[in-house]
Amino acid sequence: DYGPTEAPVLVTGETGTGKELVARGLHQASPRAFRPLVAVNCASLTPSLCESELFGSTRGAFTGADRDRAGVVGEARGGTLFLDEIGELPLAVQPKLLRLLESGLYRSVGGGRERPADVRIIAATNRDLQEEVEEGAFRADLYYRINVLHIHLLPLRSRREDIPLLVESFLAREGAAHRSVEPTALEELMAWGWPGNARELAHVLARALVQRADGPLGNFELAGAGMPAADGTRDLPAATSASRKPRIATSRHEFVRRQRVEILRHLDDNGWNVSAAARALGWTRGALRSRMRRLGLEA
């Protein structure tokens, strides 16, 4: 369990897979749960103000700095700092974050002395940071420092058997645990490609709850990232490619069985070369490794 540790965690996965939810879960499972979780999207920080947003600034440090500011490191003191889209962090600021991780110290912009930083760092990205390191867009030493513990989130299309549980969880969270989903509609949800991952599923369900005040949910808007199809219908559209046409699983167990058979077939076809099998499936190597572990498959 990564929650109780103080080690940095890197959470990777496509947009919408729930990386911030994982960060919040790790925070709640840690001894720091009674202190704040401060989340910041690195992509929203302008390069010129990124350092002061993270580490704070003193009055007069730059034009417009009319007061001392703590920065998100100071705001998260005693708690957890969640750095979303860490791959967007400017190169000029990366050494300062590395210094904080290695020494537990940081200096605000314009500050004369270093301060102790009592925070746990959880970072997330939808990029391949190893590739970014090779291209010189991300520091190798910082990558290894934030990647002490690693959680990779599979896209929803690769774990469709989780959809019924996600539906139940979302309905419960929205105070609609008494609502159900029509069996045929649930099959549609499990067959859909979910380009927006779990976030798209949540939006589809939220829209359905608004449009239908009572009774079972169904007839979901799934075409065109949640918009009605061009002909005005709201049924599941046909797959754009016959080779990628989704199968409708009649149950979670049946879907898992079919996926296991498919993975084994690609592994056998590629001599159990995991990288080659992942390319054939259209997955990353890490995603296939994770799925193999969940299915009890060993190379």
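If you're wondering where the values come from, they're calculated on a predicted model, not measured in any experiment.
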N197 (side chain) donor-acceptor with L156 (main chain) under 3.5 angstrom:
yes
Do side-chain atoms of R157 reach the backbone of W192 as a donor and acceptor pair under 3.5 angstrom?
no
R35 side-chain N/O to G78 backbone N/O, donor-acceptor pair under 3.5 Å
no
Side chain proximity check, C50 to L89, heavy atoms < 4.5 angstrom:
yes
Please find the pair of heavy atoms, one from G218 and one from A185, that lie closest to each other, and give the distance.
CA-CB, 3.6 Å
If only side-chain N and O atoms count, and only distance matters, is there a donor-acceptor pair under 3.5 Å linking E14 with N126?
no
Within one Ile-Leu-Val-Met-Phe-Trp-Tyr cluster: V167 and W194, side-chain cutoff 4.5 Å
yes
Counting distance only, does the side-chain N/O of S30 pair as donor-acceptor with the main-chain N or O of H27 below 3.5 Å?
yes
Single-linkage hydrophobic cluster Y144~I86, side-chain heavy atoms < 4.5 angstrom
yes
To the nearest 0.5 angstrom, please state how far the CD atom of E182 sits from the CD atom of E188.
9.0 Å
Evaluate the side chain to side chain contact (heavy atoms under 4.5 Å, CB included) criterion for residues R145 and E102: first the C-alpha distance (whole Å), next the side-chain angles of each, then the deciding distance (0.1 Å), finally the verdict.
CA-CA 8 Å; R145 197 67 187 79; E102 290 185 334; 3.9 Å; yes
State plainly whether one hydrophobic cluster holds both L129 and V93, where clusters connect Ile, Leu, Val, Met, Phe, Trp and Tyr through side-chain heavy atoms under 4.5 angstrom apart.
yes
So do the side chains of V38 and T80 get within less than 4.5 Å of each other, counting heavy atoms only?
no
Kindly compute the distance separating CD (E262) from CG (L264), expressed to the nearest 0.5 Å.
10.5 Å
Kindly give the heavy-atom pair with the smallest separation between R139 and V133, and that separation in Å.
O-CG2, 4.1 Å
Heavy atoms, side chains only, cut-off 4.5 Å: are I151 and L10 in contact?
no
Which value, rounded to the nearest 0.5 Å, describes the distance between E134 atom CD and Q130 atom CD?
6.5 Å
So CD of E53 and SG of C42: to nearest 0.5 Å the spacing works out to 11.0 Å
Check: L217 and S180 side chains under 4.5 Å, non-hydrogen atoms:
no
Under a 4.0 Å threshold between the charged nitrogen and the carboxylate oxygen, would E6 count as salt-bridged to R120?
no
Is Y2 reachable from L154 through a run of I, L, V, M, F, W or Y residues, each pair having side-chain heavy atoms under 4.5 Å apart?
no
Is there a side-chain contact between L81 and V73 (heavy atoms, below 4.5 Å)?
yes
As a quick check of understanding, evaluate side chain to side chain contact (heavy atoms under 4.5 Å, CB included) for L201 and L166, giving each step before the final call.
CA-CA 9 Å; L201 174 62; L166 291 172; 3.8 Å; yes
Less than 4.0 Å between a side-chain N and a carboxylate O, is that true for E200 and R207?
no
May I ask whether L54 and Y143 are part of the same hydrophobic cluster, defined by side-chain heavy atoms of I, L, V, M, F, W, Y residues being less than 4.5 angstrom apart, directly or through others?
yes
Is the backbone N or O of T125 less than 3.5 Å from a side-chain atom of K19, with the two atoms forming a donor-acceptor pair by type?
no
Tell me if a side-chain donor or acceptor on R179 pairs with a main-chain N or O of L171 at a distance below 3.5 Å.
no
Can you tell me if D214 has over 12 outside heavy atoms packed within less than 6.0 Å of its CG?
no
For A177 and A172, the nearest pair of non-hydrogen atoms, with its separation, is CB-CA, 4.0 Å
Worked check of side chain to side chain contact (heavy atoms under 4.5 Å, CB included) between L209 and F170:
CA-CA 11 Å; L209 286 172; F170 176 83; 4.0 Å; yes
Examine distances only and state if a side-chain atom of R199 and a backbone atom of H203 form a donor-acceptor pair shorter than 3.5 Å.
no
Is there side-chain contact between L37 and F82, with at least one heavy-atom pair below 4.5 Å?
yes
Does any non-hydrogen side-chain atom of R115 lie less than 4.5 Å from one of Y106?
yes
Before accepting this row, confirm whether a basic side-chain N of the pair R127/E85 lies closer than 4.0 Å to the acidic partner's carboxylate O.
no
For a quick test of reading the model, state the closest non-hydrogen atom pair linking T17 to P155 and the distance between them.
CG2-CA, 4.0 Å
I need the L100 CG to K96 NZ distance, nearest 0.5 Å.
12.5 Å
Point-to-point distance, once rounded to the nearest 0.5 Å, from CZ of R24 to CG of L26:
12.0 Å
Closest approach of R32 to V119 (non-hydrogen atoms, all atoms of both residues)
NH1-CA, 3.8 Å
Regarding R159 and D162, does a basic nitrogen lie under 4.0 Å from an acidic carboxylate oxygen?
yes
Heavy-atom closest contact (A277 atom, N270 atom, distance)
CA-ND2, 3.8 Å
Decide yes or no for I122 and L83: does some side-chain heavy atom of the first lie under 4.5 Å from some side-chain heavy atom of the second?
no
